[in-house]
Engineer: 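Sharing a structure here in structure tokens format.
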Number of protein chains: 2
Amino acid sequence: MSPAIAKTSETEILAAARQLVRQNGVDGLSMRDVAEAVGIRAPSLYKRFDDREALLRAVRAQVQEEFEAVLVKAAEGHPPAQALTKIAHAYRAFARGKPRMYRILHRPELAPRGGDAPSVTRNVVSSLVGESHAAQAADCICAFLHGFVTLELDGSFTRADSKSPDEAFAFSVYVVLQGLVNSADAPSGAGRATQVV
Amino acid sequence: MSPAIAKTSETEILAAARQLVRQNGVDGLSMRDVAEAVGIRAPSLYKRFDDREALLRAVRAQVQEEFEAVLVKAAEGHPPAQALTKIAHAYRAFARGKPRMYRILHRPELAPRGGDAPSVTRNVVSSLVGESHAAQAADCICAFLHGFVTLELDGSFTRADSKSPDEAFAFSVYVVLQGLVNSADAPSGAGRATQVV
DNA sequence: ACCTGAACACCGTTCAAGT
DNA sequence: ACCTGAACACCGTTCAAGT
């Protein structure tokens, strides 16, 4: 009738994996550890998830949603330029607060199959620089934000000569926004960039 | 007299590891593969390198030197602003040409123990925006460059709506440089960024 | 002094066997 | 239907034994 009662659930496994990723990072997560955390043996995990990658993909999707929600909330009720600044600082705060969670978002092998959903940033940027440069401007901002927090998390900034990282970030955000507003009417194209100054 | 003649050398092992990293990436490199490539068994590698990390660290150091050289060469003989544009495009070309080599440069666990040597970018930036903002401006540019090429290598840009990645890059480089030049006299500090526009 | 096979403690994953 | 132990093919690394 009811042979071998279920000891756990997909949801519980996902939560356990999530916590382990947060503690030990993606590379530090083993199927045996996840299994132990939910009170079963590793082979049983394969009844709920195809393989380790599928499990990590599910974790990543969950983290992605939370991250997007944080950014949306940060932007709420502000005009475009200010919203972008708020987004920038919320972005960095998330990465610094949950570095291993931020990193799982950027593991190429775990990228969502259909590409990412349209982001807040994209929309806010659009209303700032106009639709013609929206995609490129969004790429520019995403690149800067991702680069900055990654280098900061990695400890790659030489802090011997620079002031506090907070000031460097605020300065950089100002620079990029300033550049975007001023370049809103610039013709896009490779030739233009080499003629600066 | 001469028991157990050496079949290989530190240099040869390093070269083999380098090639394997270029082909399969850091995570794809196994000690047994390296050993086979130089005609010995895995345990013998430990006579030349302390462990896998030490070997990868040596590879990283070599790649780092090459990368720096490429950037220096790109900047040679150009005035600051143009030099920065040249550096930017050389940076991206390197990352696209040898993605696995670029990625090994940014593995935190392989970072040089004493921090990185002073970079070309830092010097060029200094002569563009002045010494007072040099460190922050260099951080800004490094962040943008690293972020852009990483997102591009990862396929994270939605290319459905944007034009070619080349144009997005040229546009972004223009934006950041424009922002830097305009912000050269801006007071640094967190408060300022929120007052943009 | 350098190289080797055997071994250890880990992985992810499969599978036949249990209930 | 779900769980299990045993097993397989991999890891990095150690070590006693060979020359």
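Heavy atoms only: backbone and side chains are in, while hydrogens, waters and symmetry mates are out. Quick note on labels: first sequence line is chain A, next is B, and so on, each numbered from 1.
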Engineer: If you assign B/I40 and A/R52 each to the DNA chain C nucleotide with the nearest heavy atom, which residue ends up on the more 5' nucleotide?
Structural biologist: B/I40
Engineer: Salt-bridge test for A/E12 and A/K7: reply yes if a basic N is under 4.0 Å from a carboxylate O, no otherwise.
Structural biologist: no
Engineer: Whole-Å distance between C/dT13 C1' and A/E53 CD?
Structural biologist: 14 Å
Engineer: Under 4.0 Å, counting only non-hydrogen atoms across every strand here, what does B/S44 touch: a base, just sugar-phosphate, or nothing?
Structural biologist: base
Engineer: Mind calculating the distance between CZ (B/R41) and C1' (D/dT13) to the nearest angstrom?
Structural biologist: 17 Å
Engineer: From the options D/dC2, C/dC3, D/dT4, select the nucleotide whose nearest atom is closest to the side chain of B/K7.
Structural biologist: C/dC3
Engineer: Tell me the interatomic distance from A/Y46, atom OH, to D/dT4, atom P, rounded to whole angstroms.
Structural biologist: 15 Å
Engineer: Short question: side chain of B/S44, backbone of B/I40 - any donor-acceptor pair under 3.5 Å?
Structural biologist: no
Engineer: To the nearest Å, give me how far apart NZ (B/K47) and P (D/dT19) are.
Structural biologist: 17 Å
Engineer: Fill in the dot-bracket string of DNA chain C, one character per base: . for unpaired, | for a pair to another strand, ( ) or [ ] for pairs within the strand, taking Watson-Crick or G-U pairs under 3.5 Å.
Structural biologist: ||.|||||...|||||.||
Engineer: How long is the line joining CG of B/D51 and P of D/dT14, in whole Å?
Structural biologist: 8 Å
Engineer: Should B/S126 and B/E131 be marked as a side chain to side chain donor-acceptor pair (under 3.5 Å) after you check the CA-CA gap, both sets of side-chain angles, and the distance that decides it?
Structural biologist: CA-CA 5 Å; B/S126 170; B/E131 193 54 40; 2.6 Å; yes
Engineer: Closest to the B/T8 side chain: C/dT13, C/dC3, D/dG12?
Structural biologist: C/dC3
Engineer: Check the distance between C/dA9's P and B/M31's CE and give it to me in whole angstrom.
Structural biologist: 20 Å
Engineer: To the nearest Å, give me how far apart CG (A/L45) and C1' (C/dT14) are.
Structural biologist: 14 Å
Engineer: Considering only NZ, NE, NH1 and NH2 on the basic side and carboxylate oxygens on the acidic side, decide whether B/E36 and B/R32 come within less than 4.0 Å.
Structural biologist: no
Engineer: Without decimals, in angstroms, what is the distance between B/D27 CG and C/dG12 C1'?
Structural biologist: 15 Å
Engineer: Would you indicate what B/L29 reaches in the nucleic acid, counting non-hydrogen atoms under 4.0 angstrom: base, sugar-phosphate, or nothing?
Structural biologist: sugar-phosphate
Engineer: Can you tell me how far the CZ atom of A/F144 sits from the CZ atom of A/F169, to the nearest 0.5 Å?
Structural biologist: 5.0 Å
Engineer: Quick one: do A/D116 and A/R60 make a salt bridge, cutoff under 4.0 Å?
Structural biologist: yes
Engineer: Choosing from C/dC3, D/dT4, C/dC11, which nucleotide comes nearest the side chain of A/R32?
Structural biologist: C/dC11
Engineer: Angle class for the A/H146/B/H146 ring planes (parallel below 30°, perpendicular above 60°, tilted otherwise)?
Structural biologist: parallel
